[in-house]
**Q** 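Here it is: the structure, laid out below.
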Amino acid sequence: MKGQEWYQADDVAEEYDDKRFSQGGELIDQREKEAVLEAITPLEDKDVLEIACGTGRFTVMLAAQGANVVGLDISAAMLQRGRQKAKQANVSENLEFLRGDAGRLPFPDDHFDTVIAMRFFHLADDPEGFLREMRRVSRDQIVFDTFNRFSSRSIYNWALPMGSRLYSKSEVSVLLAKTELKLEDVEDDFIVPYGFYRSIPNALASPIRSLDTMIGEVALTDHLASVSYWNTRVR
């Protein structure tokens with residue numbers, strides 16, 4: 001994974017949520033959670049794996065809605081923050097955090113109903129291999145997001161310390177075909193890139209987000225969206 005050493009540092013885990021999901025970043029957090037819930041609801045008694053779960057943003061939310069959740073991450077510091085969140089939300093009984101490698105998942109075949117990976121696909125060194133591992137452990141559904149090549153994100157992607165990878169729609173379609181996944185739905189969003197929202201107060205970000213959403217509803221602007229949420233099924 002790109003940026004693995006940076007990501008595992010203790011101080012990164014301490015500041016991760018505040019840097020990414022405070023101020024205008026709260027709008028990003030809300031939209032990402034909405035995308036996940038829309039794709040995988042209903043959740044009652046569903047077995048869910050989140051890969052690269054970080055500090056448990058999604059895992060805690062899913063466990064609170066009745067899913068049996070495993071959160072996997074390479075960072076011990078991130079996982080510890082997630083366990084603290086789970087305890088505070090009183091969902092520790094149906095949520096387990098494990099340290100592991102996304103490229104070699106420590107689970108048997110067909111072990112989960114749904115596998116999700118948010119904010120990770122762009123960091124995968126071997127995207128096809130990663131998707132194959134997700135498919136191997138999923139009985140039914142795989143949900144992930146990608147950052148798009150032909151979007152505003154390309155303007156500043158070169159400056160990111162982890163060298164994240166951008167994808168075109170056609171590239172992802174080829175990956176789905178190679179790994180025998182059927183596309184259920186894809187949603188495109190955020191013409192204004194994430195980095196802009198995180199740098200401004202929520203009061204200013206909200207009207208910009210409203211305009212962003214309105215422009216994004218025009219079909220011709222789909223290729224300008226900086227992120228796509230992919231909902232796929234195992235064939």
**Q** Measuring from F120:CZ to M134:CE, what's the distance to the nearest 0.5 Å?
**A**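 Those atoms lie 9.5 Å apart.
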
**Q** Using every non-hydrogen atom in the two residues, find where A203 and P207 come nearest and quote the distance to one decimal.
**A**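 Distance-wise, the nearest heavy atoms are O-CD, 3.1 Å.
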
**Q** Is there a donor-acceptor pair under 3.5 Å between the side chain of D73 and the backbone N or O of L79?
**A**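 It does not hold such a pair.
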
**Q** R99 side chain to I74 main-chain N or O, any donor-acceptor pair under 3.5 Å?
**A**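 Checking the backbone N and O of I74 against the side chain of R99, a donor-acceptor pair under 3.5 Å is found.
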
**Q** How about L72 and L105: do any of their side-chain heavy atoms sit closer than 4.5 Å?
**A**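 Side-chain contact under 4.5 Å: yes.
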
**Q** Report yes or no: does T232 contribute a side-chain atom to a donor-acceptor pair with the main-chain N or O of I142 at less than 3.5 Å?
**A**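 Flag set: sc T232 to bb I142 pair under 3.5 Å.
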
**Q** With side chain to side chain contact (heavy atoms under 4.5 Å, CB included) as the criterion, how do V137 and D110 come out once you've worked through the C-alpha distance, each side chain's angles and the decisive distance to 0.1 Å?
**A** CA-CA 4 Å; V137 302; D110 307 322; over 6 Å; no

**Q** At what distance, to the nearest 0.5 angstrom, does CG of L181 lie from CG of N231?
**A**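 Interatomic distance, L181 CG to N231 CG, rounded to 0.5 Å: 11.0 Å.
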
**Q** First locate atom OG of S173, then atom NZ of K178, and finally report the distance between them rounded to the nearest 0.5 Å.
**A**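 These two atoms lie 12.5 Å from each other.
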
**Q** Taking only residues at least two apart or on different chains, which pairs with a member in residues 136-149 satisfy salt bridge (Lys or Arg N to Asp or Glu O under 4.0 Å)?
**A**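 Those involving residues 136-149 are D47-R139, D109-R136, D113-R139, E133-R136, D140-R233, R149-E171.
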
**Q** Check whether any side-chain heavy atom of E50 lies under 4.5 Å from a side-chain heavy atom of R57, and answer yes or no.
**A**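 SC-SC contact between E50 and R57 ruled out.
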
**Q** Check T114 against S138 and note the closest heavy-atom contact, atom names and distance.
**A**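 Answer, listing the atom of T114 first, then S138: CA-OG, 4.4 Å.
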
**Q** Should F190 and L204 be regarded as members of a common hydrophobic cluster, given that ILVMFWY residues are connected when their side-chain heavy atoms come within less than 4.5 Å of each other, either directly or indirectly?
**A**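 Looking at the clustering, L204 is in the same group as F190.
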
**Q** Is a donor from one side chain sitting under 3.5 angstrom from an acceptor on the other, for N148 and S228?
**A**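 Note: N148 and S228 side chains meet the donor-acceptor criterion.
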
**Q** Is it possible for you to say whether F147 and L224 belong to one hydrophobic cluster, with membership spreading through side-chain heavy-atom contacts below 4.5 Å?
**A**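 No, F147 and L224 fall in different hydrophobic clusters.
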
**Q** Side-chain contact, heavy-atom cut-off 4.5 Å: L176 with V174?
**A**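 Of all side-chain heavy-atom pairs linking V174 with L176, none is under 4.5 Å.
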
**Q** Measure across L175 and P127 and return the closest heavy-atom pair with its distance rounded to 0.1 Å.
**A**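 Of all heavy-atom pairs spanning L175 and P127, the closest is CD1-CB, 4.2 Å.
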
**Q** With a 4.0 Å cut-off, would you call R235 and E180 a salt bridge?
**A**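 Not counted as a salt bridge, because no side-chain N and carboxylate O are separated by less than 4.0 Å.
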
**Q** Can you confirm whether or not the ring centre of F121 sits under 6.0 Å from the ring centre of Y167?
**A**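 Yes - the distance between ring centres of F121 and Y167 falls below the 6.0 Å cut-off.
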
**Q** Does the side chain to side chain contact (heavy atoms under 4.5 Å, CB included) test come out yes or no for N90 and Q88, once each step is laid out?
**A** CA-CA 5 Å; N90 197 30; Q88 292 170 357; over 6 Å; no

**Q** Taking the side chain as every heavy atom from C-beta outward, state whether V186 and Y229 have any atom pair closer than 4.5 Å.
**A**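 Not in contact.
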
**Q** Going through the checks in order, is the side chain to side chain contact (heavy atoms under 4.5 Å, CB included) test met by M118 and F144?
**A** CA-CA 5 Å; M118 299 293 289; F144 62 98; 5.8 Å; no

**Q** Salt-bridge test for D189 and R209: reply yes if a basic N is under 4.0 Å from a carboxylate O, no otherwise.
**A**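 Here D189 pairs with R209 in a salt bridge, since their nearest N and O are under 4.0 Å apart.
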
**Q** Whether E187 and R31 form a salt bridge (side-chain N of Lys/Arg under 4.0 Å from carboxylate O of Asp/Glu) is what I want to check.
**A**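 Yes.
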
**Q** List the atom of T59, the atom of G71, and the distance in Å for their closest heavy-atom pair.
**A**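 T59 and G71 have their closest heavy atoms at CG2-CA, 3.8 Å.
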
**Q** Show the numbers, then the answer: is there a side chain to side chain contact (heavy atoms under 4.5 Å, CB included) between N94 and V69?
**A** CA-CA 6 Å; N94 56 322; V69 189; 5.7 Å; no

**Q** For the residue pair T146 and R165, establish whether any side-chain heavy-atom pair is separated by less than 4.5 Å.
**A**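 No. Closest side-chain heavy atoms not under 4.5 Å.
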
**Q** Looking only at side chains, do E32 and Y194 share a donor and an acceptor under 3.5 Å apart?
**A**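 Yes - a donor-acceptor pair under 3.5 Å links their side chains.
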
**Q** Quick one, D212 and F196 - any side-chain contact, counting heavy atoms below 4.5 Å?
**A**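 Not touching, per the 4.5 Å side-chain cut-off.
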
**Q** Can a donor-acceptor pair be found, under 3.5 Å and without considering hydrogens, that links the side chain of R119 to the backbone of A52?
**A**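 Not at all, since once roles are kept as given, no pair shorter than 3.5 Å links the two residues.
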
**Q** Among V143, D185, L183, find the one that has a side chain to side chain contact (heavy atoms under 4.5 Å, CB included) with W230.
**A**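 Checked V143, D185, L183 against W230; only one passes side chain to side chain contact (heavy atoms under 4.5 Å, CB included): L183.
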
**Q** Using a 4.5 Å cut-off on heavy atoms from C-beta on, say whether the side chain of S168 contacts that of F150.
**A**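 Side-chain contact under 4.5 Å: yes.
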
**Q** Mind listing the closest non-hydrogen atom pair of L95 and A86 along with its distance?
**A**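 Smallest interatomic distance, heavy atoms only, reads CD2-CB, 3.7 Å.
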
**Q** Starting from I51, can I reach L98 by hopping between I/L/V/M/F/W/Y residues whose side chains sit under 4.5 Å apart?
**A**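 Linked, L98 and I51 end up in one cluster.
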
**Q** Do S151 and I191 have side-chain heavy atoms sitting under 4.5 Å apart?
**A**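 Contact flag for S151/I191 side chains = no.
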
**Q** Can you see whether T55 engages K85 through a side-chain donor-acceptor pair at a distance of less than 3.5 angstrom?
**A**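 Their side chains do contain a donor-acceptor pair, which is all the 3.5 Å distance test asks for.
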
**Q** Quick one: side chain to side chain contact (heavy atoms under 4.5 Å, CB included) partners of A205, sequence neighbours excluded?
**A**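 Partners of A205 by the side chain to side chain contact (heavy atoms under 4.5 Å, CB included) criterion, ordered by chain and then number, come out as L27, Y197, I200, N202.
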
**Q** Say you draw a straight line from SG of C53 to CZ of F97; how long is it, rounded to the nearest 0.5 Å?
**A**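 The CZ atom of F97 is 5.5 Å from SG of C53, to the nearest 0.5 Å.
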
**Q** Compare every heavy atom of Q141 with every heavy atom of A39, then report the nearest pair and how far apart it is.
**A**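 That closest heavy-atom pairing would be O-NE2, 2.8 Å.
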
